[in-house]
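Notes follow once the structure below has been shown.
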Amino acid sequence: MVGFDADDTLWRSQDYFDEAQLEFEGILTGYLDLDDMQVRQRLHEVEGGNIGVFGYGVKGMTLSMIEAAVELTGSRISAADIGKVVALGKRLLQHPVELLPGVREAVEAVGRHYPLVLITKGDLFHQEAKVRQCGLAGLFRRIEVVSEKDPGTYARLLEEFGLPARQFAMVGNSVRSDILPVLDLGGWAVHVPYHSTWIHEQATTPDAGHQRLCTVANAAEVPGALEALAARAYAPPG
Ligand SMILES: [Mg+2]
């Protein structure tokens, strides 16, 4: 079975967050002498502290922006500007789903050889809406929106699938959420890096020589990478 991550693997996501970050900094400029880097750093700290309370996704991020804005402005931020932050969050929830180049063809090609599952984290409501809009839902046997992508979550999913980890490969952009937990369990992984990574997803990439990992440049290279991993899986030892 092959699992696909969704945000920044199937469709664009982090770019919208990066734009929202700049817009947020713009809203605060009227209040602060701080430079944008300090605003950014404080927002990241608030977001990081809130993940365990709000979980992942746009709604939690919007609340973290409001919290950081109140704190950084010493409670001087106006209701009108808080309204702008809320509007920015709503726009993030409603942007159209834009598949990355070559994704449809790659998922179709992989789906001809393996059953597919989509595994994503974030707001349930938002992720379900994006899955409906993306036009790929029919290619996946299962769609799993989870609250965290750690070894425990993958182990639980594999148990539900009735599958040993060595028969599972995960394709995704996040080393922390898509690659390391699956390799840890004894599964396989195809890393497709995206040009922008959220600070709380950053992690050290495992050694490129890892036996059960392939890193590729784009979606079009994913079917070939899975073929290469399958060849390693079935190669006689030594
Ligand atoms: Mg992702």
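Whatever order the structure lists ligands and atoms in, that order sets their numbers, starting from 1. Residue numbers start at 1 and run along the sequence shown.
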Problem set entry | Asp178 near the Mg ion (ligand 1) via N/O/S, less than 2.8 Å | no
For this session: Examine all N, O or S atoms of Asn173, backbone included, and report whether one is under 2.8 Å from the Mg ion (ligand 1).
Result: yes
Exercise. Do Gln14 and Asp7 meet the criterion of a side-chain donor-acceptor pair at a distance under 3.5 Å?
Worked result: no
Exercise. Closest N/O/S atom of Asp5 to the Mg ion (ligand 1), by atom name?
Worked result: OD2
Exercise. Can a donor-acceptor pair be found between the side chains of Asp184 and Tyr154 at a distance below 3.5 Å?
Worked result: no
For this session: Could you label the plane-to-plane angle of the Phe140 and Phe4 rings as parallel, tilted or perpendicular, counting under 30° as parallel and over 60° as perpendicular?
Result: perpendicular
For this session: Name whichever N, O or S atom of Asp7 ends up nearest to the Mg ion (ligand 1).
Result: O
Exercise. With no hydrogens and no angle check, do the side chains of Tyr56 and Asp123 hold a donor and an acceptor under 3.5 Å apart?
Worked result: no
